[in-house]
Amino acid sequence: PENRQVANPAWLEAHSVFHEALVTNCMSPWLLRIRKMLFNQSERYRRLSVSLARTERDVNAEHKAIFDAVMAKDIPLARKLMAEHIRKTTEILLSSDKLSQS
């Protein structure tokens, strides 16, 4: 997108589809429901983090690394990369002056 401070609707859809595809083989309807609920709730924070980020973040590289680990069936690495992916967004939010002033 031209403006990296604004969420791109096409990217938001692709992001959702990507993360959904990672769990497509899960056989537990309960786990899938919980994952979807958590993903939807986390999206509000992820969207907020876009405008608050103080440093550039290569989200595409993060997604590629997660994808590669999943395709290689390297579950420990995929879990580690996913945790880091989520943690980076959390760190952006927690370090924001805008949030601490609320």
Side-chain angles (χ1 to χ4, degrees):
E2 299 82 40
N3 183 353
R4 292 190 178 269
Q5 296 291 310
V6 178
N8 176 319
W11 189 91
L12 293 172
E13 177 63 22
H15 184 248
S16 179
V17 168
F18 172 78
H19 282 280
E20 184 86 18
L22 293 174
V23 296
T24 195
N25 286 333
C26 177
M27 301 303 288
S28 170
W30 282 103
L31 284 177
L32 289 171
R33 263 185 251 139
I34 291 168
R35 190 221 64 91
K36 186 170 191 137
M37 182 178 56
L38 291 172
F39 181 85
N40 289 339
Q41 292 300 313
S42 70
E43 273 300 279
R44 66 172 55 159
Y45 297 106
R46 195 203 51 72
R47 289 178 189 204
L48 178 61
S49 76
V50 171
S51 65
L52 298 176
R54 294 181 179 150
T55 60
E56 282 295 311
R57 179 177 175 188
D58 193 346
V59 177
N60 290 336
E62 291 175 32
H63 287 126
K64 173 83 167 79
I66 294 166
F67 172 81
D68 290 344
V70 168
M71 294 307 290
K73 297 183 182 343
D74 187 340
I75 304 308
L77 179 59
R79 285 182 183 156
K80 176 182 176 269
L81 293 171
M82 183 61 74
E84 289 172 4
H85 182 60
I86 294 168
R87 190 175 308 113
K88 286 179 184 178
T89 300
T90 303
E91 288 170 358
I92 290 169
L93 293 166
L94 291 175
S95 69
S96 172
D97 293 337
K98 290 180 184 178
L99 291 181
S100 63
Q101 294 171 0
S102 300

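The model shown is predicted, which means the values in this text are computed figures rather than measured ones.
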Could you pull out all donor-acceptor pairs under 3.5 Å where a side-chain atom in residues 14-23 meets a protein atom, sequence neighbours excluded?
unit_1 : atom_1 : unit_2 : atom_2 : d
His15  : NE2    : His19  : NE2    : 3.2
His15  : NE2    : His63  : NE2    : 3.4
His19  : NE2    : His63  : NE2    : 3.2
Glu20  : OE1    : Arg35  : NH2    : 2.7

side-chain hydrogen bond (donor to acceptor under 3.5 Å, both in side chains) between Thr89 and Arg57, worked out: CA-CA 10 Å; Thr89 300; Arg57 179 177 175 188; 2.9 Å; yes
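Lys88 places none of its side-chain heavy atoms less than 4.5 Å from the side chain of Val59. Trp11 has its side chain within reach of Asn60: a pair of non-hydrogen atoms, C-beta onward, lies under 4.5 Å apart.
Asp58 CG to Lys64 NZ: the interatomic distance, rounded to the nearest 0.5 Å, is 12.0 Å. Note: Leu81 CG to Arg87 CZ = 10.5 Å, rounded to the nearest 0.5 Å. Atom CG of residue Leu38 and atom CD1 of residue Ile86 lie 9.0 Å apart, to the nearest 0.5 angstrom.
Under the 4.5 Å side-chain heavy-atom criterion for Ile, Leu, Val, Met, Phe, Trp and Tyr, Ile66 and Met71 are members of the same hydrophobic cluster.
Heavy atoms from other residues, nucleotides or ligands lying under 6.0 Å from CZ of Phe67 number 12 at most.
In this structure, Lys80 pairs ionically with Glu84, as a charged nitrogen and a carboxylate oxygen lie closer than 4.0 Å.
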